[in-house]
Amino acid sequence: METGTISIDELAGGFDLYRTLESGQSYLWQRSDGEMYGGTPAPDAWYTTVVGGSTGTRDVIRVRTHDGCLEWESTTDAEPIVRRLLRLGDDLEAIVAAGPDDPLLREAYEAHRGMRLVADPSFGCLISFICSAQMRVGRIHTMVTTLAREYGDEVAFDGETYHAFPTPEQLATATEADLRDLGLGYRAPYVVRTAEMVANGEADPDAARDLEYEDAREYLTQFVGVGDKVADCVLLFSLGFDEAVPLDTWIKSAVEEYYPDCDRGSYAATSRALRDRLGGEYAGYAQTYVFHHLRTGE
DNA sequence: ATAAGGCCTAAGAG
DNA sequence: ACTCTTAGGCCTT
């Protein structure tokens, strides 16, 4: 086992592990008490995920906050991976300071200080948000966990068995009926067909990285089960498009109540107006704070 | 380009 | 205990 620590003091704007991993951005981690998305964890709870290596290898990584540090334990030298997945290099202080000075956003930033965006692996993120349609966060996490258990590689670490999120090829072996039996409902055929599209090379979510923002969103909507909202989530939580502003039910209610002049009728026009209102370049950061603030009511 | 109807299902509200 | 509504929408007319 390899281990290490990262001082949270050295991270501009701080870091809140719980709020980062349980704010509806990522469904690819497991909390040590097994109660992910089900209440406040113990302060030093571990979060575990499995990442894929370049040669088909799998590495287990777990992290927790303890004594003012972010501790990690892993099958590999995980510090660069942890820094990338949890975006520890972001100057959160500067991002918050650069945001517009409106009451809702200030309140959200204040209430959830230290929450960062995540940078999930693209395929797992894509499937997670296809599953998210009309679904509570707890059940999205259950679905993604079930897919990993049923179709992903097993990895042993520290006496426990973990599951990687399945590869496109692995998930493409599932049938619609299989996934309906696992509780995915009408999302089942979407997941199968999208996995097939990625597995057979018809499209690749990572290819969106090379496009301009709105072209990238359009590109992702070719996947089955992916509309504008899900595409924006993948762009924001995986592909590094910090300007993406997913318009979900919570953000739509925020538009109605706090930014009524940003309602332009269509998704694209409203999203664009809200993006400008929330500061442009890092509008997605602001969106994520507002979303979490309204959803949790905290 | 925009609008209505159907869709799985578990958990919470009434 | 039951029914009704809701939950981070998408696909097809």
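Naming: A, B, ... by sequence-line order, numbering from 1 per chain.
Under the 3.5 Å distance criterion, with hydrogens and angles disregarded, no donor-acceptor pair is assigned to the side chains of A:Tyr109 and A:Arg113. A side-chain donor from one of A:His112 and A:Arg19 sits under 3.5 Å from a side-chain acceptor of the other. Between A:Tyr27 and A:Asp120, the side chains place no donor N or O within less than 3.5 Å of an acceptor N or O (distance only, hydrogens not considered).
Mapping A:Arg193 and A:Phe291 onto DNA chain C by nearest heavy atom places A:Phe291 at the nucleotide closer to the 5' end. Nucleotides of DNA chain C nearest to A:Gln287 and A:Val224 differ in position, and the one nearer the 5' end is that of A:Gln287.
Among the atoms of the strands shown, none is found under 4.0 Å from any heavy atom of A:Ser128. Contact annotation for A:Gln25: base contact, defined as any heavy-atom pair under 4.0 Å involving a base atom. When heavy atoms are screened at a 4.0 angstrom cut-off, A:Val230 is found touching the sugar-phosphate backbone but no base atom.
Counting heavy atoms from C-beta on, the side chains of A:Val234 and A:Phe241 never come closer than 4.5 Å.
One can place CD of A:Gln134 at 12 Å from P of C:dT6, the figure rounded to the nearest angstrom.
For A:Tyr186 and C:dG9, a side-chain-to-base donor-acceptor distance below 3.5 Å is present, hydrogens and geometry of angles not being considered. Between the side chain of A:Arg187 and the base of C:dC10, no donor-acceptor pair under 3.5 Å is found.
For B:dA11, neither phosphate oxygen OP1 nor OP2 lies less than 4.0 angstrom from any side-chain nitrogen or oxygen of A:Arg139.
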